[in-house]
Amino acid sequence: MLREIRELGFDHAELSHGIRVSLMSGILEAVDAGEIKVSSLHNFCPLPLGINYAAPNLYEFSDDRPRQRELAIKYTLRTFDFAERVKAPVVVLHLGRMDLKDYTGKLCSMLERGQRDTPKYEKLRVEAAKAREANKAEFVERTCDTLKKILPEAEKRGLKLGIENRQALEEIPVESDFKFLFRDFDSAHVRYWHDTGHAQIKANLGFILHALHLESLAPRLAGFHIHDVKFPARDHAAPGTGMVDFAALRPFVRPEHIKVFELSPALPVEAVKRGIAHLKSVWSDE
């Protein structure tokens, strides 16, 4: 796996939330041999024993069940251990979700049917926005309490926590709450992680303006998950094949930011190479 990534021209890779424990020995061999370096880990990595599928939301910081939050902490700390072992500077986190009906799915279905500019769509969009605001407090409180428990460990180990923007309206933080999160967690170890596909989906749904959202959080930005989106919500496409205006994001990209291509495994190698070339042509000195 890592050799294939290296042969595509990369000297770093992110280890994501689909890494089984059985893959760890081979990964460590490759890292120790200098075949590749690790840019970042995505919680939970490695996966808990017995879980053989990508499961970033297996345990959630926002869960109302204390045992589930304890497990979220346990396996996050295990991710920290692995990050230290492979010398990865950043761990990317999902923070959780609210217990709401599936507004994201309903709105995306309406977009697919061409109903974006209809009163029915706008009514549901406003309902979703109000439902999030009315219900978020308890979920945010539990999430922040859990984050406070793991932050000292991240600081002690010199790890940055990349808080990822999410594509679903039901997930937290909601877009306008990132600034409050970073105000409350005024630590150099709590950073923003910008997923270009997720932000574009939120833009397509009518909840943010993509470039302005990134600009507002640029001072805390640690890195990117880079992929494109085919309308309205088919993400993990190669850059240049969808709706993301990468040129509009370019002013907020810095050399020190980690850039991770998060592409569908179904993409042919040539499509991956074209996507990489497209992004390099737009983010020219990156």
Side-chain angles (χ1 to χ4, degrees), residues 40 42-43 56-57 60-63 72 76 89-100 103-104 107 125 128-151 154-155 159-227 229 233 235 244-245 248-254 256-260 262:
S40 44
H42 194 311
N43 215 25
N57 303 318
E60 294 184 319
F61 295 178
S62 59
D63 203 300
T76 299
V90 179
V91 172
V92 180
L93 301 177
H94 295 180
L95 291 192
R97 67 171 55 237
M98 295 172 273
D99 186 16
L100 298 178
Y103 286 107
T104 306
L107 289 168
R125 191 190 70 80
K130 289 180 177 178
R132 295 198 303 172
E133 288 301 314
N135 290 278
K136 70 184 181 183
E138 62 175 293
F139 299 96
V140 171
E141 181 178 3
R142 286 193 292 268
T143 293
C144 289
D145 286 345
T146 308
L147 193 55
K148 287 174 184 174
K149 293 176 181 176
I150 64 170
L151 178 57
E155 292 175 331
L159 293 170
K160 294 175 183 174
L161 305 179
I163 310 303
E164 184 179 2
N165 62 313
R166 304 293 298 134
Q167 78 272 32
L169 299 172
E170 300 76 32
E171 294 185 80
I172 52 177
V174 301
E175 306 77 43
S176 59
D177 281 357
F178 272 100
K179 61 181 180 290
F180 301 118
L181 176 75
F182 292 132
R183 179 199 64 194
D184 294 342
F185 288 89
D186 188 21
S187 167
H189 295 266
V190 179
R191 306 293 291 274
Y192 176 56
W193 192 271
H194 186 76
D195 186 297
T196 61
H198 297 167
Q200 189 59 47
I201 291 170
K202 287 279 182 66
N204 292 348
L205 290 168
F207 281 80
I208 63 169
L209 297 173
H210 190 162
L212 287 177
H213 173 79
L214 177 57
E215 180 181 18
S216 71
L217 297 170
R220 296 292 286 267
L221 183 63
F224 293 85
H225 281 155
I226 299 167
H227 51 116
V229 175
D235 55 357
V244 176
D245 183 355
L249 308 183
R250 174 66 187 86
F252 316 111
V253 181
R254 300 288 178 264
E256 64 269 21
H257 293 153
I258 297 169
K259 296 97 179 170
V260 177
E262 195 178 67

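Just the heavy atoms: all of them, side chains too, but no hydrogens, waters or symmetry mates, feed the values below.
- Residue Ile226 comes nearest to Thr196 through the heavy atom pair CA-OG1, 3.6 Å, listed as atom of the first residue, atom of the second, then distance.
- A heavy-atom distance below 4.5 Å is not found between the side chains of Asp177 and Ile172.
- Using a 4.5 Å cut-off on side-chain heavy atoms (C-beta onward), Leu181 and Leu147 make contact.
- Leu151 CG to Leu159 CG: the interatomic distance, rounded to the nearest 0.5 Å, is 11.0 Å.
- Of all heavy-atom pairs between Pro89 and Ile258, the closest is CG-CD1, 4.2 Å.
- For the atom pair NZ of Lys130 and CG of Asn135, the computed distance is 13.5 Å after rounding to the nearest 0.5 Å.
- Residue Asn57 comes nearest to Arg166 through the heavy atom pair ND2-NH2, 4.0 Å, listed as atom of the first residue, atom of the second, then distance.
- For the residue pair His213 and Ser216, the shortest heavy atom distance occurs at O-OG, 2.7 Å.
- Atom CG in Leu221 sits 9.0 Å away from atom CD in Glu256 (nearest 0.5 Å).
- Rounding to the nearest 0.5 Å gives a distance of 3.0 Å between NE2 of His94 and NE2 of His42.
- Checking each of His257, His225, His198 against Trp193 for a ring pair (Phe, Tyr, Trp, His ring centres under 6.0 Å) leaves exactly one that passes, namely His225.
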### Query
Between Asp99 and Phe139, is a side-chain contact (heavy atoms from CB on, under 4.5 Å) present by the stated rule, with each step listed?
CA-CA 9 Å; Asp99 186 16; Phe139 299 96; 3.6 Å; yes

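- Residues Arg220 and Ser187 approach most closely at NH2-O, 3.2 Å, considering heavy atoms.
- Residues Ser62 and Gly96 share a closest heavy-atom pair of OG-CA, 3.3 Å.
- Val90 has its side chain out of reach of Arg191: every pair of non-hydrogen atoms, C-beta onward, lies at least 4.5 Å apart.
- Looking at heavy atoms from C-beta onward, Pro219 lies out of side-chain contact with Tyr192 at the 4.5 angstrom threshold.
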#### Entry: Stepwise side-chain contact (heavy atoms from CB on, under 4.5 Å) check, Leu169 with Lys202
CA-CA 8 Å; Leu169 299 172; Lys202 287 279 182 66; 3.7 Å; yes

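- Between the side chain of Glu155 and the main chain of His189, no donor-acceptor pair closer than 3.5 Å is present.
- By the 6.0 Å contact criterion, CG on Asp184 is enclosed, its count of non-hydrogen atoms from other residues, nucleotides or ligands being greater than 12.
- Judged by the 6.0 Å and 45° rule, Arg125 forms a cation-pi pair with Phe207.
- A 4.5 Å side-chain heavy-atom check between Leu249 and Val244 finds at least one atom pair inside the cut-off.
- In this structure the side chain of Ile150 reaches within 4.5 angstrom of the side chain of Leu93, judged on heavy atoms.
- Using cut-offs of 30° and 60° for the angle between ring planes, the His210 and His194 rings count as tilted.
- Residues Leu205 and Ile201 meet the side-chain proximity criterion, which asks for heavy atoms closer than 4.5 Å.
- Put simply, the side chain of Glu170 gets close to the backbone of Tyr103: a donor and an acceptor are under 3.5 Å apart.
- Note that CD of Glu164 is 5.0 Å distant from CG of Asp195, once rounded to the nearest 0.5 Å.
- A salt bridge links Glu175 and Arg132; the closest N-O separation between the charged side-chain nitrogens and carboxylate oxygens is under 4.0 Å.
- In this structure, the side chains of Ile163 and Val190 come closer than 4.5 Å at one or more pairs of heavy atoms.
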